Q: 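My structure is below; once you've seen it, I'll send some questions.
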Amino acid sequence: MARPNEQVGALLQEYADLVAITGGAPYRARVYEKAARSVAGHHLDVSTLDAAGLREIPNVGDSIAAKVVEYFRTGRIEEVERLRARIPAGVRELTRIPTLGPRKAMMLYDERGIASVQDLLDALDAGRLKGLKGFGPKTEENLRHGITLLRQAGGRVTLDVAMELAEEIVAALSAVPECERCAYAGSLRRMRETVGDLDILAASTKPRPLMKALTGLQLVSEVIAHGDTKTSVRTTTGMQVDLRVVPPESWGAALQYFTGSKAHNVRTREIAVRQDLKLSEYGLFTVPPAQRRRRRKAGLTAEQEAVAEVLEPDGQGEPREPPDSEAGELVVSKSEKEVYARIGLPWIPPTLREDRGEIEAARDGTLPDVVTEQDIRGDLHTHTDLTDGVAPMTEMVAAAAERGYDYYAITDHAPNLYMQRMTDEKMLAQREQLHALAKRYPRLTLLHGTELNIDPDGEVDWPAEFLAGFDICVASVHSHFNQTRAQLTRRLVRACENPHVNVIGHPTARLIGHRPPIDVDLEAVYEACAHTGTALEVNASPDRLDLGDENILAARRHGVRFAVDTDAHAVAHLDYLRYGVGTAQRGWLTADEVINTWPLRRLRTFLRKGRKGRKKP
DNA sequence: GCCGTTTTCGGCCCGACTGTTTTCAGTCG
């Protein structure tokens, strides 16, 4: 449903960028930007709307509605094409470099002919920016740093981008009659925070029609390799997709193999080898005595043998021939559970398969019962169009009810984020509206909260009396990211010590591929959270995933509680929950450690943070 | 180009920081 909306949103955003770069009136760029957000986040499929319907969307008037109609009629927007012809795509790409905005990008293009990130790097190396107004030594340094940040993502994409593509491909392949099963594997199934390429697995006795279906997809721009059981393609967005087709009876072993990680696979194969078994993507096999003798003679340790067995799980290696009689008898291979069981392990959730102790835990029976999406009873950090969200409260709440939540918190920004223009009156009026709305949803408890801004000293927007009126307060860092480590640590610890602050939102403030995490002594923050009864957020927005998995692993050792929240700014963002839960799983979190899996009563007790309960009139 | 307890025209997200500019432009949230 969201795809056409996102397409149009992206196109309007591009137009906004191009207007800004070409130096059009600043309000014009802003208006297209607002419209882009509104359209992308709109709850109805915009491809089904006529001009009148489109004008119902906030920030969409006659002119933009006409452009959207034009897009669905012709596949393009003339005005956008006109600007594209004037400005090379690489110039817009330049504005993705942090600290480089539209004005400077245009100056680089006009004055030095720089039309790509690589051009810029070359110009920096050749000292060709010297004498250009506004580009001193410090700016050059910032640009280099920004390019490094951008490249660190290294062609990897965020989870939502990978997931959307994967689900589209899996759906297309599943529709092929010869397809018995199809699923995505690899780092996406493990929910790593970024994904380099997609591993798609299918089960069929007739692989050819599946290969053909993949290469025939509209989104494919190039066929990289095309064999009997493996096909690799590149999509129009530049992503590599590998499809492997295996016999249906090999499904479980293949899924295990292609889900990885490599380190996890080495360990599982090692365990198999020790039991005179052999685990491949085709199944778990006995090792015939002759082969066993050869093994012993070669003097390979189980580990060496396991390493030799493991090809690159991300599809680098050539597909092996299915095993012949020499390989021994097939023991199991139909399901992952069978495969793990036969080597003496319980099934291990894909999100744990990183060789970070899960093998040992599985063997000892101490594998965590990780939190699942079904465990989540409510979202505790969401926005509406009262601040920077794009959907009215009524729509956000309706969507929350639709998801079957027990409770749901609206947490719009507080006044210190000045651009949001929040006031006490607006916040109190929203509370009234929320209470009125609550009557329509007897099974959903609506919580009125706010997302406070943690200022450089660790103070938040409102005094205690006003904060006491909220059911829940999230508090987050939104600026002054470059304070010293000591200042930042003090700042977050002070926020935790505020008796009204319940959750620290996106604790490291990182934006994946754009902004590094703040330099803070997280151990001190974990300690403060555990001590004060403040939860740490696992922000599910795919650009953030903050805290990330490794930080979660560290934090939980302090006995910290967590809140897995979407920070939704649109109805569609409520679905980001899956990425937050995936990240929480990668951090080994159980439901009991996540406050928004708790029944309302227990949650309320936690939110009081040791204060006396408010008296209800 | 959109919008309206500021309503059919005249405004439009505000404030701070950074770097290089000697008085401010560009970027960010």
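Every chain is numbered from 1 and lettered A, B, ... according to where its sequence line falls, protein lines coming before strand lines. Because the structure is predicted, anything quoted here is derived from the model rather than measured.
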Q: Out of B:dG1, B:dG26, B:dG29, which nucleotide sits closest to the side chain of A:Lys104?
A: B:dG26

Q: For nucleotides B:dG10 and B:dG15, find the distance between their C1' atoms and express it as a whole number of Å.
A: 23 Å

Q: Report all interatomic pairs (protein N or O, nucleotide N or O of nucleotides 10-13 of chain B) with separations under 3.5 Å.
A:
residue, atom, partner, partner atom, Å
B:dC13, O2, A:Met419, O, 2.4

Q: Report the distance from atom NE2 of A:His514 to atom C1' of B:dT27, rounded to the nearest whole Å.
A: 15 Å

Q: Which value, in whole Å, describes the distance between the C1' atoms of nucleotides B:dG11 and B:dT6?
A: 8 Å

Q: Answer with base, sugar-phosphate or nothing: what part of the nucleic acid does A:Arg55 contact at a heavy-atom distance below 4.0 Å?
A: nothing

Q: In this structure, how many angstroms lie between the C1' atom of B:dC17 and the CG atom of A:Asp455, rounded?
A: 16 Å

Q: According to salt bridge (Lys or Arg N to Asp or Glu O under 4.0 Å), who are the partners of A:Glu70, at least two apart in sequence or on a separate chain?
A: none

Q: For A:Asn482 and B:dA16, give me the distance from atom CG to atom C1', rounded to whole Å.
A: 13 Å

Q: Have a look at A:Asn142 and say if it touches a base, only the backbone sugar-phosphate, or nothing, with a 4.0 Å heavy-atom cut-off.
A: sugar-phosphate

Q: B:dG1 P sits how many Å from A:Glu79 CD, rounded?
A: 7 Å

Q: Supply the atom-to-atom distance A:Arg556 CZ to A:Glu593 CD, rounded to the nearest 0.5 angstrom.
A: 4.0 Å

Q: Working note: A:Glu193 + A:Arg586, criterion salt bridge (charged side-chain N to carboxylate O under 4.0 Å, His left out); need CA distance, chi angles, decisive distance, verdict.
A: CA-CA 10 Å; A:Glu193 59 196 36; A:Arg586 291 178 60 83; over 6 Å; no

Q: List for me each residue that meets ring-ring contact (aromatic ring centres under 6.0 Å, His included) alongside A:Tyr407, sequence neighbours excluded, and say none if there are none.
A: none

Q: Could you let me know what B:dG26 is paired to, Watson-Crick or G-U wobble, both distances under 3.5 Å, or none if it's on its own?
A: B:dC17

Q: Base, sugar-phosphate, or nothing: which does A:Asp62 touch, judged by heavy atoms less than 4.0 Å apart?
A: sugar-phosphate

Q: In whole angstrom, give me the gap between the P atoms of B:dC13 and B:dC17.
A: 22 Å

Q: Does a side-chain N or O from A:Arg28 land closer than 4.0 Å to OP1 or OP2 of B:dC2, or not?
A: no

Q: If you count heavy atoms of other groups shown closer than 6.0 angstrom to CD of A:Glu523, is the number above 12?
A: yes

Q: Side chain of A:Phe481 only, heavy atoms from C-beta on: which candidate in B:dG29, B:dC2, B:dT20 is closest?
A: B:dG29

Q: Tell me the interatomic distance from A:Asn59, atom CG, to B:dC3, atom C1', rounded to whole angstroms.
A: 9 Å

Q: Taking atom P in both B:dG29 and B:dT22, what distance in whole Å separates the two?
A: 27 Å

Q: Nearest whole Å is fine: how far is B:dT18 C1' from A:His145 NE2?
A: 14 Å

Q: For A:Asp457, is the CG atom crowded, meaning more than 12 foreign heavy atoms sit under 6.0 Å from it?
A: yes

Q: Touch check for A:Tyr15, heavy atoms < 4.0 angstrom, all strands: base, sugar-phosphate only, or nothing?
A: nothing

Q: For nucleotides B:dT20 and B:dA16, find the distance between their P atoms and express it as a whole number of Å.
A: 22 Å

Q: Using the P atom in both, what is the distance from B:dC3 to B:dT8, to the nearest Å?
A: 16 Å

Q: Contact class for A:Ile64 vs. all strands (heavy atom < 4.0 Å): base, sugar-phosphate, or nothing?
A: sugar-phosphate

Q: Going by the salt bridge (Lys or Arg N to Asp or Glu O under 4.0 Å) test, which pairs reach into residues 95-105 of chain A, not counting sequence neighbours?
A: A:Glu93-A:Arg96

Q: Can you work out whether A:Thr99 or A:Lys138 has the more 5'-proximal nearest nucleotide on DNA chain B?
A: A:Lys138

Q: Could you state the NZ-C1' distance from A:Lys133 to B:dA25, rounded to the nearest angstrom?
A: 8 Å

Q: Starting at the 5' end of DNA chain B, which residue's closest nucleotide do you reach first, A:Arg103 or A:Gly136?
A: A:Gly136

Q: Got a sec, which pairs hit salt bridge (Lys or Arg N to Asp or Glu O under 4.0 Å) with one end in residues 479-503 of chain A, sequence neighbours left out?
A: A:Glu459-A:Arg494, A:Arg485-A:Asp519

Q: Write down the distance between CG (A:Leu100) and P (B:dT18), rounded to a whole number of angstrom.
A: 18 Å

Q: Determine: side-chain N/O of A:His480 to OP1/OP2 of B:dA16, distance under 4.0 Å, yes or no.
A: no

Q: Which part of the nucleic acid, if any, lies within reach of A:Ser479 when heavy atoms closer than 4.0 Å are counted: base, sugar-phosphate only, or nothing?
A: nothing

Q: Could you name each residue pair satisfying salt bridge (Lys or Arg N to Asp or Glu O under 4.0 Å) that touches residues 569-584 of chain A, not counting sequence neighbours?
A: A:Glu167-A:Arg578, A:Arg403-A:Asp575

